[in-house]
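Lettering follows sequence order; numbering is per chain, from 1.
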There are 2 protein chains.
Amino acid sequence: MSTPFSSSKDWLSRLANHGYRLTEPRRVIVEIIAASDRALNPLEVFDLGRDACPGLGLVTVYRTLEKLEDLGLVQRVHQADGCHAYLRAANGHEHILLCNQCGQAVFFAGDDLTSLLERVARQSGFEIQEHWLQLHGLCARCRDSVR
Amino acid sequence: MSTPFSSSKDWLSRLANHGYRLTEPRRVIVEIIAASDRALNPLEVFDLGRDACPGLGLVTVYRTLEKLEDLGLVQRVHQADGCHAYLRAANGHEHILLCNQCGQAVFFAGDDLTSLLERVARQSGFEIQEHWLQLHGLCARCRDSVR
DNA sequence: CTATAATTGAAAACGATTTTCATTATCAGA
DNA sequence: TCTGATAATGAAAATCGTTTTCAATTATAG
Ligand SMILES: [Mn+2]
Ligand SMILES: [Mn+2]
Ligand SMILES: [Zn+2]
Ligand SMILES: [Zn+2]
């Protein structure tokens, strides 16, 4: 069970190693996503980003998120209302557990679906290449506050 | 393992029972989705629909899909490029297996995640309410044609 | 320090979806 | 079967999130 928090230092050096320049808007955006415990959409990143960098443009948020996704540092999260929110990417084979109330994201590992996948492959004739698994519920705090 | 095919008759009476009128555009749209073995986006439904109903409007496709979703007859399918395609809804506890090549959708049941869910709930402190599982691969036909 | 090219933000463009609105069609009731 | 109320339709306009364009700014190699 790992928190979504991540080191923004690492991400910045990854950007630099790939030939991207280190700019103030990028530092701010990377810091926001790395420090967030829930998925954020571009507008949310923009609003948070303007606190630290008043001139920030929404375009830059879109462009930076796209680069971070290409580098495998962030991932899109699929939710009931769409898939426009970003979270740090999984480390290895992890899946996400999301709080339906506050959005808090927690990563977990150790799922073993091999026997299910084998059975479904056999019965369907498909060659199974990937599995998407996502859990939804209430975090401890929200469960208490709801009742 | 069940095919996605469904009876459009049932859907039409469901619409009627909920006070909706049975119109030609609705009959056509319902028939297309119920007969499809893969998820279709609004524009695809529109293009297919115009063959049977030349005056059909794209707006009507959007409106009808929304109603079918509200009635629980169709569901949105999440894919790498977004979640704008519709497929018949699952019958009870089923999940979807999609072909990465041709889009063919197959429903499967019988996944048992209880021990995983219990472990993750215990370790995270969450109360888990739903799980979202989707498999991706190559159907028998596409596997053969790829090599 | 300088030159070059990447990056930026404002504005315009874009494309998917939604809203508005006048016309048409369904269907309950006469 | 006919009729009236009103639900549903499609064209056009509006909206909204996202992308493109472009001139100005800035990071970085040398
Ligand atoms: Mn897994
Ligand atoms: Mn299941
Ligand atoms: Zn919560
Ligand atoms: Zn296929």
Side-chain angles (χ1 to χ4, degrees), chain A residues 9 11-33 39-71 73-74 76-86, chain B residues 11-33 39-71 73-86:
Chain A
K9 298 288 179 195
W11 295 15
L12 292 172
S13 47
R14 270 292 262 299
L15 280 168
N17 291 340
H18 282 260
Y20 295 116
R21 293 180 178 177
L22 297 184
T23 67
E24 192 54 20
R26 283 180 183 163
R27 267 187 272 268
V28 167
I29 292 166
V30 159
E31 175 60 29
I32 286 168
I33 309 237
L40 300 172
N41 65 39
L43 199 59
E44 290 173 317
V45 174
F46 175 64
D47 286 336
L48 291 168
R50 286 176 80 110
D51 294 342
C53 183
L56 181 66
L58 180 55
V59 222
T60 301
V61 173
Y62 278 99
R63 289 190 278 225
T64 303
L65 290 174
E66 186 183 23
K67 285 186 175 59
L68 294 174
E69 192 178 14
D70 289 347
L71 292 180
L73 298 172
V74 306
R76 269 169 209 265
V77 173
H78 292 257
Q79 291 177 280
D81 60 324
C83 31
H84 307 286
Y86 292 81
Chain B
W11 295 15
L12 292 173
S13 47
R14 271 290 265 299
L15 279 167
N17 290 340
H18 282 259
Y20 295 116
R21 293 180 178 177
L22 297 184
T23 66
E24 192 53 20
R26 282 180 183 164
R27 268 187 271 268
V28 168
I29 292 165
V30 159
E31 175 59 30
I32 286 167
I33 308 239
L40 300 172
N41 64 42
L43 198 59
E44 289 173 317
V45 174
F46 175 65
D47 287 336
L48 292 168
R50 287 177 79 111
D51 296 341
C53 182
L56 181 66
L58 180 55
V59 220
T60 301
V61 174
Y62 276 99
R63 289 190 278 225
T64 302
L65 290 174
E66 186 183 23
K67 285 186 176 57
L68 294 174
E69 192 178 13
D70 289 347
L71 293 179
L73 298 173
V74 307
Q75 67 183 126
R76 269 170 209 263
V77 174
H78 293 256
Q79 292 177 282
D81 61 325
C83 28
H84 308 287
Y86 292 81

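Residue B:Leu58 contributes atom CG, which lies 10 Å from atom P of D:dA11 at whole-angstrom precision. Rounded to whole Å, atom P of D:dG10 lies 8 Å from atom CD1 of B:Ile29. When rounded to the nearest whole Å, the span between CZ of A:Arg21 and P of D:dA29 equals 8 Å. As a whole-Å value, the separation of B:Asp81 CG from C:dA16 C1' is 14 Å. In this structure, CG of B:Leu65 is placed 14 Å from C1' of C:dA16, rounded to the nearest angstrom. Note: CZ (A:Phe46) to C1' (C:dG9) measures 10 Å, nearest angstrom. In this entry the distance linking CG of B:Leu15 with P of C:dA25 reads 20 Å, nearest Å. In this entry the distance linking CG of A:Leu12 with P of D:dT28 reads 11 Å, nearest Å.
For the pair B:Arg63 and B:Glu66, the salt-bridge criterion is not met [side-chain N within less than 4.0 Å of a carboxylate O].
In terms of phosphate contacts, B:Arg26 brings a side-chain nitrogen or oxygen within less than 4.0 Å of OP1 or OP2 of D:dT9. Look at A:Thr60 and you won't find any side-chain N or O under 4.0 angstrom from OP1 or OP2 of C:dT7. Within the 4.0 Å cut-off from OP1 or OP2 of C:dA6, not a single side-chain nitrogen or oxygen of A:Thr23 is found.
Around CZ of A:Arg14, the count of heavy atoms belonging to other residues, nucleotides or ligands within 6.0 Å does not exceed 12. Other residues, nucleotides and ligands contribute over 12 non-hydrogen atoms within 6.0 Å of the CZ atom of B:Arg50.
Residue-to-nucleotide proximity on DNA chain D shows that, of B:Gly55 and A:Glu24, the 5′-proximal contact is made by B:Gly55. With DNA chain C read from its 5' end, the first of the two nearest nucleotides for B:Arg27 and B:His84 is the one closest to B:His84.
A:Leu56 comes within 4.0 angstrom of sugar-phosphate atoms only, judged by non-hydrogen atoms across all strands, and of no base. At the heavy-atom level, A:Arg63 lies under 4.0 Å from base atoms of the strands shown. When heavy atoms are screened at a 4.0 angstrom cut-off, B:Leu22 is found touching the sugar-phosphate backbone but no base atom.
Considering A:Thr64, A:Ile29, A:Ile33 in turn, A:Ile33 is the only one that fulfils the side chain to side chain contact (heavy atoms under 4.5 Å, CB included) rule with A:Val74.
The listed nucleotides are C:dT7, C:dA10, D:dT18; the one nearest the side chain of A:Val59 is C:dA10.
Heavy atoms only, all atoms of each residue included: B:Pro25 and B:Leu56 are closest at CB-CD1, 3.8 Å.
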